[in-house]
Amino acid sequence: MEKLVSRYIESFMTELVSKNPGETEFHQAVGEVVKSLAPYIEMNPHIMGQKILERMAEAERIVIFRVPWVDDAGDIQINRGFRVQMNSAIGPYKGGLRFHPSVNLSIMKFLAFEQTFKNALTTLPMGGAKGGSDFNPRGRSDAEVMRFCQSFMTELYRHIGPDTDVPAGDIGVGGREIGYLFGQYKRLTDSFTGALTGKGLNWGGSLLRPEATGYGLCYFAEQMLATRGEGFNGRTVVVSGAGNVAQYAAQKAMRLGAKVVTLSDSDGFIYDPDGLDEDKMAYVFQLKNFFRGRIKEYAQKYPSAQYFPGQKPWGIACDIALPCATQNEIGKADAESLLAGGCKCVAEGANMPSTPEAIQVFQSAGILYSPGKASNAGGVATSGLEMSQNSMRLHWTKEEVDNNLRKIMSDIHEACCKYGTEADGSVNYVKGANIAAFMKVAGAMMDQGAV
Ligand code: NDP
């Protein structure tokens with residue numbers, strides 16, 4: 001059976017690559033999942049006959065559209081919009097919108113595929129989707145961002161809705177963008193519904209949604225560390241990114257007693273050997289969220305910090321690494337640098353930040369390593385809680401949402417341990433997360449027939 005499954009997976013991957021040429025991120029995300037599913041398929045060979053993998057890797061629907069808008073100089077700009085509705089077996093499509101110049105179909109499909117698994121892990125009824133545009137909000141005025149968002153929603157609104165597809169934020173889409181998108185959705189549909197999450201608190205948003213991905217990441221990492229009798233207290237933490245996920249991951253790690261020494265953006269990273277504190281964090285929130293500044297300004301404000309242009313933070317000695325910027329930001333050499341610097345735990349806040357070669361380095365060294373689909377699921381989980389509050393027309397307290405978030409992250413950790421514990425007692429979080437999520441989605445797909 002082992003040989004049969006391995007041949008099946010090989011031919012499945014060959015066909016996937018030939019059907020989706022050039023989509024390297026999508027091949028990478030699917031390849032990682034199917035590799036770890038092999039032992040499960042050996043025990044459940046009907047998965048092959050039911051063509052579950054083939055169905056999961058084919059989006060239920062993909063919409064690609066023109067987004068024309070007028071910039072402040074009066075010139076017409078054209079961007080490309082996407083929505084990949086990957087899988088609705090366990091609930092309405094759900095997944096963020098990314099505005100970044102690198103956005104293309106491969107990135108959208110990899111993110112939507114990952115999202116299907118992540119959403120299944122949250123235990124909430126949400127299918128998987130992702131969307132966005134190659135629009136670059138960097139350097140654009142608020143008025144330009146608003147006009148872009150309105151044009152983007154003028155097409156997207158036909159494809160979403162509270163029971164159909166509920167987008168949220170991702171890279172380049174935060175509270176400001178969700179506000180403009182929601183305003184236009186409401187205007188076009190003449191309805192005030194929970195068709196987007198990450199909304200403002202005064203108009204249907206949930207407390208703790210902005211914090212949820214970063215906080216959830218730290219709750220998950222706490223559980224990983226606890227399997228080895230460890231915790232955040234007194235540990236040195238390296239964080240990449242300086243956006244939504246990085247900010248709240250850094251804040252929570254710091255509040256759990258760790259010394260957070262780095263933050264980064266696509267231009268470079270800052271190293272502050274004294275560590276972040278509440279005042280420095282408040283400065284970072286202001287700098288990034290209100291002034292939309294660059295992380296190098298941190299080193300100008302705090303002389304204890306050094307700025308390293310054009311570099312990533314993985315060469316800094318640490319106990320724990322929290323990659324929170326973007327896909328493939330840790331390659332093999334970066335992974336080796338982390339190990340050389342004493343890193344014992346890598347918990348992913350970003351989606352697929354480690355390349356397959358980097359994951360191999362972490363797993364061979366036997367350090368704690370968790371894939372984003374497990375450790376960053378707190379964001380979409382809290383979006384699910386926002387949907388519940390919207391449906392019930394209720395508003396939960398911060399404590400209620402935080403307790404729910406902690407419980408969900410703990411349940412995801414338990415599922416990873418249940419399906420990922422190896423004979424030597426170590427936990428393979430990649431295998432555990434993939435099998436737990438796959439079982440749920442595949443089961444629902446088989447129940448619902450060939451649709
Ligand atoms: P933000 O836009 O708020 O922040 C992104 C950060 O990453 C910025 O500091 C940005 O720097 C940096 N970054 C982006 N692209 C690159 C790149 N190519 N190289 C180096 N740095 C880069 O996004 P989020 O914090 O929301 O998202 C970060 C990651 O977390 C993404 O992988 C996202 O998919 C994932 N995620 C987000 C969730 C959420 O709730 N927001 C939920 C789950 C996962 P710069 O300003 O220079 O672009």
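Any value given below was found using the heavy atoms of this structure, including those in side chains, with hydrogens, waters and symmetry copies removed. Just so you know, ligand 1 is whichever comes first in the structure, and atom 1 is the first atom listed for that ligand.
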So that I can tick it off, tell me whether [Y] and [X] are bridged by a salt bridge, with the cut-off set at under 4.0 angstrom between side-chain N and carboxylate O.
| X | Y | value |
| --- | --- | --- |
| E329 | K312 | no |
| D142 | R176 | yes |
| R55 | E58 | no |
| K332 | E336 | yes |
| E230 | R235 | yes |
| R138 | D265 | no |
| D170 | K130 | yes |
| K296 | D267 | no |
| E25 | K109 | no |

Determine, for Y215 and K252, whether the Lys NZ or Arg CZ falls below 6.0 Å from the six-membered ring centre while staying within 45 degrees of the axis.
yes
With sequence neighbours left out, the residues meeting salt bridge (Lys or Arg N to Asp or Glu O under 4.0 Å) with K373 are E32, E114
If we number the atoms of ligand 1 from 1 as shown, the ones under 4.0 Å from a heavy atom of A350 are 29 (C), 30 (O), 32 (O), 35 (C)
So the atoms of ligand 1 within less than 4.0 Å of a heavy atom of N376 turn out to be 43 (C), 44 (C)
What protein heavy atom lies closest to [atom]? Include the residue and the distance to one decimal.
| atom | value |
| --- | --- |
| atom 31 (C) of ligand 1 | A325 O, 3.4 Å |
| atom 34 (O) of ligand 1 | D170 OD1, 2.6 Å |
| atom 45 (P) of ligand 1 | S266 OG, 3.5 Å |
| atom 17 (C) of ligand 1 | T326 CG2, 3.4 Å |
| atom 6 (C) of ligand 1 | G243 N, 4.0 Å |
| atom 37 (C) of ligand 1 | V245 CG2, 3.4 Å |
| atom 9 (O) of ligand 1 | A242 N, 3.0 Å |
| atom 23 (O) of ligand 1 | I171 CA, 3.4 Å |

Below a 4.0 angstrom heavy-atom separation, can you tell me which part of [X], side chain or backbone, both or neither, approaches ligand 1?
| X | answer |
| --- | --- |
| P353 | neither |
| C324 | backbone |
| R209 | side chain |
| H100 | side chain |
| T213 | side chain |

If we only count N/O pairs under 3.5 Å, is [X] in contact with ligand 1?
| X | value |
| --- | --- |
| D267 | no |
| R294 | yes |
| N244 | yes |
| G172 | yes |
| K288 | no |

Decide whether the shortest distance between a heavy atom of [X] and an atom of ligand 1 is less than 4.0 Å.
| X | answer |
| --- | --- |
| M352 | no |
| S264 | yes |
| G174 | no |
| Q247 | no |
| R98 | yes |

The reported gap from CD in E222 to OG in S410 (rounded to nearest 0.5 angstrom) is 10.5 Å
The reported gap from CG in L338 to CD1 in I367 (rounded to nearest 0.5 angstrom) is 7.5 Å
Begin from the C-alpha positions of F135 and W69 and carry the test ring pair (Phe, Tyr, Trp, His ring centres under 6.0 Å) through to its verdict.
-> CA-CA 11 Å; F135 171 69; W69 57 283; 5.3 Å; yes
Heavy-atom proximity to atom 32 (O) of ligand 1, picking from L263, N351, T382, V380, points to N351
- Message: As a test of the contact definition, would atom 28 (C) of ligand 1 count as having a protein heavy-atom neighbour under 4.0 Å?
- Response: yes
message: Over 60° means perpendicular and under 30° means parallel, so tell me whether F65 and F152 are parallel, tilted or perpendicular.
response: tilted
On a heavy-atom basis, the closest approach of T154 and Q150 is OG1-O, 2.6 Å
